[in-house]
Structures are given as C-alpha cells and as structure tokens.
Number of protein chains: 2
Amino acid sequence: MKWDTLEEEPCSLARTVAVIGDRWSLLILRECFLRIRRFDDFQGSLGITRHLLADRLKKLVRFGVLRKIPYQEAPKRYEYILTQKGLDLYPIIMSIVHWGNIHMVDARGRPLLHEHKSCGKMFDPVMVCSECGEPLSAKAVHVHPGPGARKSSPVHASARERAKRAAESS
Amino acid sequence: MKWDTLEEEPCSLARTVAVIGDRWSLLILRECFLRIRRFDDFQGSLGITRHLLADRLKKLVRFGVLRKIPYQEAPKRYEYILTQKGLDLYPIIMSIVHWGNIHMVDARGRPLLHEHKSCGKMFDPVMVCSECGEPLSAKAVHVHPGPGARKSSPVHASARERAKRAAESS
DNA sequence: GACCATAAGTTCTATTTTAGAACTGTCAAT
DNA sequence: ATTGACAGTTCTAAAATAGAACTTATGGTC
C-alpha cells in the first residue's frame with residue numbers, strides 16, 4: 001500500500017494516519033505543542049536528519065496542519081506554526097502521552113507533568129462521551145456504517161465470509 | 001534514530017511512538033477494536049503484506065498490547081486479542097478517528113458512526129481534564145518537568161540557547 | 001492414495017525509504 | 001575577508017517495504 005492510497009480509504013483513521021502516521025511527524029508535532037517553531041530547533045531537539053525534517057514539514061504544510069510564517073526578511077526566514085487543524089491534533093498527542101505515562105514509564109516516573117491553567121491542578125486527560133459526559137471504553141461503543149461507508153466494506157469481508165460459511169454448513 | 005533508541009527516550013510520547021508510531025500498527029489496532037483477531041483476516045482486510053503483518057503482530061505481542069490465544073489444536077492455531085494495555089489505547093484510536101471525521105472526510109460524510117451503549121446516542125469523543133472535567137485545549141495547559149525528566153532536556157536546548165544569546169546581546 | 005483447501009506463517013528479489021554526513025546560498029557581524 | 005546563523009539540498013550506504021511464491025500441518029473429497 002502506498003501512502004497516497006491511504007488518504008483515500010473510506011476510514012477516518014486511515015486518512016489521519018496518512019497525515020501523522022509516522023514516527024517523525026508525531027515527534028515534530030510534539031515539538032510544535034512545546035512551542036518549537038524553527039527548522040534548526042526541530043533538528044537540534046529531535047536529532048532527525050535535515051533531509052527528512054524538510055520532507056515532513058513540507059508534508060504537514062501540504063495537509064494544512066502547519067503554516068509557514070515569515071519572521072524576517074533578508075534573508076527570508078520562515079517559522080512553522082500550528083493551524084487550527086493542527087491545534088485540533090492536541091487530543092491525539094495528549095492521549096498518546098497519557099498512555100505512555102501509564103504503560104511506558106520507568107522507575108523514575110513521568111518525564112513531564114501537565115497543569116490545567118483553568119483549575120490550577122496537575123491532571124490526566126480523560127476521554128468522555130459528548131452526549132452524556134461519561135468516560136468512554138471500547139466495550140461501551142457500538143459502530144455503525146455512516147454515509148461515507150463503502151458499499152461492501154472490506155473491513156470485515158473475510159470474517160463475514162467465515163461467518164457465512166459457518167451458517168451454511170450448520 | 002533507530003526504533004529501539006526511541007523506547008528509551010525520556011518522553012512518554014516517544015516511547016508510545018516506538019509501539020504504535022507506524023501506519024500498519026495503527027491500522028492493525030483499528031481492526032482489533034473492530035473484533036478482527038486472525039492472521040488471514042487482518043491480511044485480507046488491510047491488504048498488508050504477510051511479511052509485515054507477521055512482523056507487526058510480533059512487535060505488538062512483545063510490547064504486551066496483544067496476546068496470542070490458541071483457538072484450536074491440531075494444527076495449533078492462534079488468534080490475537082487486545083490485552084488491558086491494548087484496550088487502553090482506545091482513546092488514542094478514537095481521537096485519531098475523530099480528527100479524521102472533522103478534517104479528512106469527503107462530501108459523502110463519515111465512514112463510521114459511533115453509538116454510546118450507555119446513553120444510546122451517537123457521540124463524538126471529547127477530551128476533558130481529570131480534575132475539573134472541562135474540555136482541554138493546548139493553550140490551557142502548562143507543562144512542567146516531572147521526576148523522570150532528563151537533567152538538561154534536549155527538547156528546548158537550541159531555543160534556550162537563542163534566548164540566552166538574545167539576553168546577552170541586549 | 002492423490003488432490004485440493006485452510007490457516008499461519010517464511011523466504012525471496014526488486015523497489016522505496018531512511019540515516020548520516022557534507023554541501024549550498026543568503027545575509028549580518030567582526 | 002572571514003566567520004557564523006539559518007534553511008534547506010545533495011550524495012551514498014543501509015534499512016525497510018512491496019509483491020509474489022513457497023512451507024508446514026491437517027482435514028476433507030474424488
């Protein structure tokens with residue numbers, strides 16, 4: 001599968017993965033949320049090769065996640081800042097950080113703590129239902145095909161076929 | 001940077017990216033949450049090469065995200081199911097899907113809709129503060145070094161150096 | 001008994017991507 | 001005139017991926 005076929009999949013996860021589904025994009029975005037904006041700062045803090053950094057920044061700009069803003073003329077220099085579309089990635093970044101905090105920390109504990117300015121407390125992110133406000137778990141969610149679903153979704157094709165065969169043979 | 005150096009970074013995001021930070025791992029996990037469990041079903045629904053699928057499943061088992069459970073003897077066959085550690089990835093998957101629903105859908109609309117069984121309504125996931133329950137935004141969060149932080153964090157090294165130079169020259 | 005199917009991989013080669021380092025161009029300051 | 005900052009580009013070697021064929025174990029069919 002090529003990266004550009006991924007963008008066209010009838011699946012919101014696949015399309016998002018086409019944008020952020022590689023390690024460097026996610027690490028670059030982490031830096032963006034930590035107020036890093038310039039090429040050499042990304043390069044220095046991440047240890048990414050300059051070649052790949054240029055490539056990934058270009059991709060994130062192309063997808064509208066980052067915007068190139070000039071911060072000086074002569075010589076013309078740009079910095080990369082998050083668009084609203086990019087800022088909306090915050091729940092993804094935070095849920096990734098939170099999972100790492102729970103499952104991947106060593107004996108020394110968390111590398112970073114997060115303070116919620118509104119309430120002044122150190123917090124963890126919690127994902128809740130927009131309708132009832134209760135915390136979400138995989139088991140409490142049922143999936144339905146939406147208007148953008150593919151007629152015959154490939155997602156369950158072979159599992160469905162096995163189910164059909166089982167039904168026929170009984 | 002190698003994948004295994006990523007696991008040891010003093011950053012919960014980097015460590016999580018070492019586990020799920022490639023397109024196939026995320027797509028495999030999507031299938032897991034849609035109740036796909038078997039090798040050929042993953043292969044058929046994703047179109048991933050068998051080689052890479054075997055490799056990624058092995059990695060996810062190694063990290064304790066999936067567990068191999070025998071479902072028949074003679075010949076011995078296994079299926080892959082999510083551990084609790086794997087189930088805890090749900091907020092990550094959901095926030096990725098949600099971002100795609102908002103920013104990457106075409107004219108036809110969302111491929112999938114989600115129903116919250118507890119309240120019976122179609123919902124979107126919302127990330128809130130564990131302490132006050134308010135929705136989170138990047139701007140309302142302040143980051144502090146935690147107990148597992150590196151002494152001299154490389155994260156802001158060059159930005160800090162620039163700040164220092166600016167201070168000295170003024 | 002020979003032949004086909006199922007399931008879960010493994011092996012092979014060609015292509016693509018990435019790592020690592022060096023190089024380019026523009027301007028400012030010394 | 002030289003040095004340094006900044007934002008890239010170019011180069012080659014190493015690693016990862018795609019795509020297809022092959023393997024192993026078993027059960028069922030002609």
Side-chain angles (χ1 to χ4, degrees), chain A residues 1-6 17-18 21-28 31 36-61 66 68-81 157-159 161-166 168-169, chain B residues 1-6 17-18 21-28 31 36-61 66 68-81 157-166 168-170:
Chain A
M1 192 192 278
K2 307 278 172 51
W3 278 99
D4 40 341
T5 68
L6 207 52
V17 163
D22 69 283
R23 59 177 153 171
W24 288 123
S25 295
L26 284 165
L27 289 165
I28 288 166
E31 299 303 274
I36 296 291
R37 294 167 144 76
R38 299 186 186 174
F39 193 92
D40 277 18
D41 289 342
F42 285 114
Q43 208 271 319
S45 66
L46 290 174
I48 185 177
T49 63
R50 307 179 73 78
H51 180 91
L52 273 209
L53 177 59
D55 185 78
R56 291 297 186 276
L57 288 172
K58 207 172 287 176
K59 190 187 75 172
L60 291 169
V61 168
L66 297 180
K68 246 175 128 161
I69 305 280
Y71 70 89
Q72 73 172 36
E73 309 289 322
K76 200 110 178 176
R77 296 276 183 249
Y78 297 90
E79 53 189 13
Y80 295 88
I81 64 156
S158 40
E161 274 160 28
R162 184 170 44 250
K164 204 173 73 175
R165 280 196 305 278
E168 281 166 353
S169 69
Chain B
M1 192 193 277
K2 307 278 171 53
W3 279 98
D4 41 339
T5 68
L6 208 53
V17 163
D22 69 283
R23 60 176 152 168
W24 289 122
S25 296
L26 284 164
L27 290 166
I28 289 167
E31 298 303 272
I36 295 291
R37 295 168 144 77
R38 300 186 186 175
F39 193 92
D40 278 17
D41 289 342
F42 284 114
Q43 209 271 320
S45 67
L46 290 174
I48 184 176
T49 63
R50 308 179 72 78
H51 181 91
L52 273 208
L53 177 59
D55 185 78
R56 291 296 187 277
L57 288 172
K58 208 173 286 176
K59 190 186 76 173
L60 291 170
V61 169
L66 296 180
K68 247 175 128 162
I69 305 281
Y71 70 89
Q72 73 171 38
E73 309 290 321
K76 201 111 178 175
R77 296 275 185 250
Y78 296 90
E79 52 190 13
Y80 295 89
I81 64 158
S158 41
R160 257 197 283 104
E161 275 160 29
R162 184 170 47 249
K164 204 173 74 175
R165 281 196 304 279
E168 281 167 354
S169 70
S170 68

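Just so we're on the same page: letters track the sequence lines, and every chain starts at 1. Please read all numbers here as calculations on a predicted model, not as lab measurements.
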### Query
Can you check the Glu79(B) CD to dT6(C) C1' distance for me, whole Å?
15 Å

### Sequence-aligned protein contact record of nucleotides 14-19 of chain C, with B where the base is within under 4.0 Å of a protein heavy atom and S where only the sugar-phosphate is
----SB

### Task
Specify the separation, in whole Å, of atom CG of Leu57(B) and atom C1' of dT10(C).
14 Å

### Task
Starting at atom CZ of Arg38(A), determine the distance to atom P of dG8(D), rounded to an integer number of angstrom.
12 Å

### Query
Does a side-chain N or O from Lys68(B) land closer than 4.0 Å to OP1 or OP2 of dG9(C), or not?
yes

### Query
Does Gln43(B) use its side chain to pair, donor to acceptor, with the backbone of Ile48(B) at less than 3.5 Å?
yes

### Query
Is a donor-acceptor pair below 3.5 Å formed from side chain Arg50(B) to base dA8(C), judging by atom type as modelled?
yes

### Query
What's the NZ-P distance between Lys76(A) and dA28(C), to the nearest Å?
14 Å

### Query
Listed by chain and number, what are the side-chain contact (heavy atoms from CB on, under 4.5 Å) partners of Ala54(B), not counting sequence neighbours?
Phe39(B)

### Query
Can you find a side chain N or O atom of Tyr80(A) that sits less than 4.0 Å from OP1 or OP2 on dG8(D)?
yes

### Summary
Rounded to whole Å, the CG-C1' distance (Asp41(A) to dA5(D)) equals 12 Å

### Message
Distance check needed: dT11(C) P versus Leu53(B) CG, whole Å only.
### Response
16 Å

### Query
With respect to the phosphate group of dT6(C), does any side-chain polar atom (N or O) of Tyr71(B) fall under 4.0 Å of OP1 or OP2?
no

### Polar pair under 3.5 Å, donor/acceptor by atom type, side chain Arg77(A), base dA7(D)
no

### Query
Going through the distances and angles, do Tyr80(B) and Ile28(B) end up as a side-chain contact (heavy atoms from CB on, under 4.5 Å)?
CA-CA 11 Å; Tyr80(B) 295 89; Ile28(B) 289 167; over 6 Å; no

### Query
Arg56(A): what forms a side-chain hydrogen bond (donor to acceptor under 3.5 Å, both in side chains) with it, not counting sequence neighbours?
Asp22(A)

### Query
More 5' along DNA chain C: Pro75(A) or Gly47(A), using each one's nearest nucleotide?
Gly47(A)

### Query
Does Arg38(B) make a cation-pi contact with Tyr71(B), if we ask for NZ or CZ under 6.0 Å from the ring centre and within 45° of the axis?
yes

### Task
Starting at atom CZ of Arg37(A), determine the distance to atom C1' of dA5(D), rounded to an integer number of angstrom.
20 Å

### Query
Checking Lys59(A) against Trp24(A): charged group under 6.0 Å from the ring centre and within 45 degrees of the axis?
no

### Task
May I ask you to verify if any side-chain N or O of Lys58(B) is less than 4.0 angstrom from the OP1 or OP2 atom of dA8(C)?
no

### Task
Write down the distance between CG (Asp40(B)) and P (dT24(D)), rounded to a whole number of angstrom.
18 Å

### Message
Contact between Ile36(B) and Leu46(B) at the side-chain level, heavy atoms closer than 4.5 Å - yes or no?
### Response
no

